[in-house]
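Inspection log for the structure reproduced underneath, given as structure tokens.
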Amino acid sequence: MPSSTSSRARRALVLGLTGLLAAGGLATASGTAQAAGGTLGAAAAEKGRYFGTAVAANHLGEAQYAATLDTEFTSVTPENEMKWDAVEPSRGSFTFSAADQIFDHAQSRGMKVRGHTLVWHSQLPGWVGGLGASDLRTAMNNHINQVMGHYKGKIHSWDVVNEAFQDGSSGARRSSPFQDKLGNGFIEEAFRTARAADPAAKLCYNDYNTDGINAKSNAVYNMVKDFKARGVPIDCVGFQSHFNSASPVPSDYQANLQRFADLGVDVQITELDIEGSGSSQATSYGNVVKACLAVTRCTGITVWGITDKYSWRSSGTPLLFDSNYAKKPAYTAVLTALGGSSGGGGTPDGATCTATYSKQEEWSDRFNGKVTITAGSSPITGWSTTVTVTSPQKIVTTWNGSPTWDSSGNVMTMRPNGNGTLAAGASTSFGFTVMKNGNSTAPAIGACTAS
Ligand code: G3I
């Protein structure tokens with residue numbers, strides 16, 4: 001690995017772990033050794049990549065949704081909240097409340113944010129389509145300036161233009177108010193405006209059905225090549241990667257990513273989801289991750305949602321966590337492809353642990369829970385895990401551990417209270433009482449982090 005790459009990888013690892021530590025409420029633990037690659041984000045960080053997900057603001061209040069997000073991911077993309085219809089529903093009137101909710105959640109936990117998306121034919125308020133050419137040009141540039149300006153210096157990458165090419169063999173641009181009234185030059189103009197609006201953000205072109213080498217990806221390739229030759233600012237190309245049986249992961253996926261990277265842009269997998277289940281879905285996910293890792297300039301992977309429950313195509317169960325937030329075989333395949341391990345098995349020199357929950361006594365108004373912490377194949381001197389309850393449940397008592405709480409009061413991070421040192425394979429446990437307040441749902445236990 002060239003030294004510039006390895007120092008970038010190290011920086012990304014530090015950033016990734018910082019995000020992870022913050023995400024788990026472990027900010028004070030920086031400097032302690034972490035279990036090697038026990039989560040998607042940590043494993044990706046060890047490879048110098050981020051691992052992100054699309055997030056919807058209206059689910060952030062759901063404890064398991066937020067806990068899974070905070071434990072596993074190091075980057076977020078607002079699924080709908082930064083789109084034109086969400087932030088500028090009427091001309092010149094900008095509203096960022098839902099977008100800010102996601103941004104603030106991510107930033108406070110050290111996660112990166114991908115901006116999605118500035119100029120797109122879809123989710124475009126009606127008033128935009130009604131404008132004449134010169135007015136539309138002004139409105140497009142103003143939209144880019146206002147939205148990028150709101151987050152100036154804080155967005156990792158922006159999808160500046162989304163889905164501007166037609167499907168099929170024509171290689172032509174898609175009809176849209178921008179294309180029809182401003183012509184091909186609208187894409188270049190959007191990128192130039194974007195560079196001036198936030199010079200720190202990486203500027204991406206993002207599209208679907210461009211994942212393999214085909215007429216549509218050739219057309220995008222030729223545009224990027226032309227931009228690079230003429231000095232039009234572009235830093236990255238996003239490959240959405242929405243796959244199913246009719247549109248599987250192409251055999252030339254890696255070669256396609258590589259040919260774009262060879263033009264001098266980063267490539268990112270921006271909206272990955274693969275319909276299916278079991279081992280065939282897992283194999284496809286693993287292949288996507290391996291392809292990204294094989295391309296030095298493939299800087300990160302974003303899946304298009306956390307749980308099948310809230311996927312835009314939920315019936316196809318395309319994500320890594322099922323509707324109950326259980327990890328699917330696809331999750332394990334991704335983690336393994338990233339070189340990570342879910343703990344317990346132990347990595348050669350790493351301190352690892354597992355955390356398992358069991359319900360104890362139950363009464364009409366409350367129940368006791370027990371979490372057993374078991375060291376992996378190496379001795380450990382410290383551990384932590386999270387216990388997330390569903391509001392309006394409350395944890396009212398704990399024993400044999402030292403708890404801290406997030407601001408919602410629903411997520412407890414537990415660390416040792418004199419029981420942090422465990423021999424390889426040895427166990428300890430802590431306990432707690434949950435007041436049901438009408439809800440008997442079992443708590444969600446986060447990954448165990450050892451030192
Ligand atoms: O929020 C409203 C709700 O109030 C209303 O009752 C309901 C009735 O239909 O609609 C809700 O809004 C929906 C929104 O998702 C939030 O769930 C919209 O109808 C629906 O059109 C919208 O779909 C989004 C889709 O983009 C729109 O094009 C999906 O969530 C989102 O995952 C999807 O994401 C796109 C990427 O941006 C670009 N690439 C393709 C990808 C998948 O289509």
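Numbering of ligands and ligand atoms starts at 1, following listing order. The analysis underlying the following values was restricted to heavy atoms, covering all of them including side chains, and did not include hydrogens, waters or symmetry mates. Treat the numbers as computed from the prediction; the structure is a model and nothing was measured.
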Should Arg91 and Asp135 count as an ion pair when the cut-off is N to O under 4.0 Å? yes

Between Asp365 and Lys436, does at least one N-O distance fall below 4.0 Å, as a salt bridge requires? no

Under the criterion side chain to side chain contact (heavy atoms under 4.5 Å, CB included), which of Leu335, Thr336, Val334 is the partner of Thr332? Thr336

Note the single closest protein heavy atom to [atom], along with its residue, its atom name and the distance in Å.
| atom | result |
| --- | --- |
| atom 28 (O) of ligand 1 | Gln123 OE1, 3.2 Å |
| atom 39 (N) of ligand 1 | Glu271 OE1, 2.7 Å |
| atom 34 (O) of ligand 1 | Trp304 NE1, 3.3 Å |
| atom 32 (O) of ligand 1 | Glu79 OE2, 2.4 Å |
| atom 33 (C) of ligand 1 | Lys83 NZ, 3.7 Å |

Just grab all the salt bridge (charged side-chain N to carboxylate O under 4.0 Å, His left out) pairs involving residues 256-285, residues at least two apart or on different chains. Lys202-Asp266, Asp266-Arg297, Asp273-Arg313, Glu275-Arg313

Is at least one protein non-hydrogen atom found at under 4.0 angstrom from [atom]?
| atom | value |
| --- | --- |
| atom 26 (O) of ligand 1 | yes |
| atom 36 (C) of ligand 1 | yes |
| atom 42 (C) of ligand 1 | yes |
| atom 10 (O) of ligand 1 | no |
| atom 1 (O) of ligand 1 | no |
| atom 18 (C) of ligand 1 | no |
| atom 5 (C) of ligand 1 | no |
| atom 15 (O) of ligand 1 | yes |

Taking heavy atoms and a distance under 4.0 Å, where does [X] meet ligand 1: side chain, backbone, both or neither?
| X | value |
| --- | --- |
| Asn162 | side chain |
| Asn80 | side chain |
| Tyr208 | neither |

Hey, are the side chains of Lys359 and Glu362 touching, using non-hydrogen atoms and a 4.5 Å cut-off? yes

So, do Pro177 and Leu124 sit near enough that their side-chain heavy atoms are less than 4.5 Å apart? yes

From CA spacing to verdict: salt bridge (charged side-chain N to carboxylate O under 4.0 Å, His left out), Asp211, Lys216: CA-CA 9 Å; Asp211 311 299; Lys216 189 174 177 184; over 6 Å; no

Using a 3.5 Å distance criterion without hydrogens, assess whether the side chain of [X] forms a donor-acceptor pair with backbone atoms of [Y].
| X | Y | result |
| --- | --- | --- |
| Lys181 | Arg137 | no |
| Asp406 | Gly409 | yes |
| Glu46 | Gly37 | yes |

I need the atoms of ligand 1 closer than 4.0 Å to a non-hydrogen atom of [X], numbered in the order shown.
| X | value |
| --- | --- |
| His242 | 40 (C), 41 (C) |
| Ser122 | 28 (O) |
| Trp312 | 32 (O), 42 (C), 43 (O) |
| Glu163 | 38 (C), 39 (N), 40 (C) |

Are any of the N/O atoms in Trp120 less than 3.5 Å from those in ligand 1? no

Using a distance-only test with no angle check, is there a side-chain donor-acceptor pair under 3.5 angstrom linking Gln281 and Ser277? no

Listed partners of His150 passing ring pair (Phe, Tyr, Trp, His ring centres under 6.0 Å), at least two apart: Phe96

Can you give me the closest heavy-atom contact between Ala337 and Gly286, atom names plus distance? CB-O, 3.9 Å

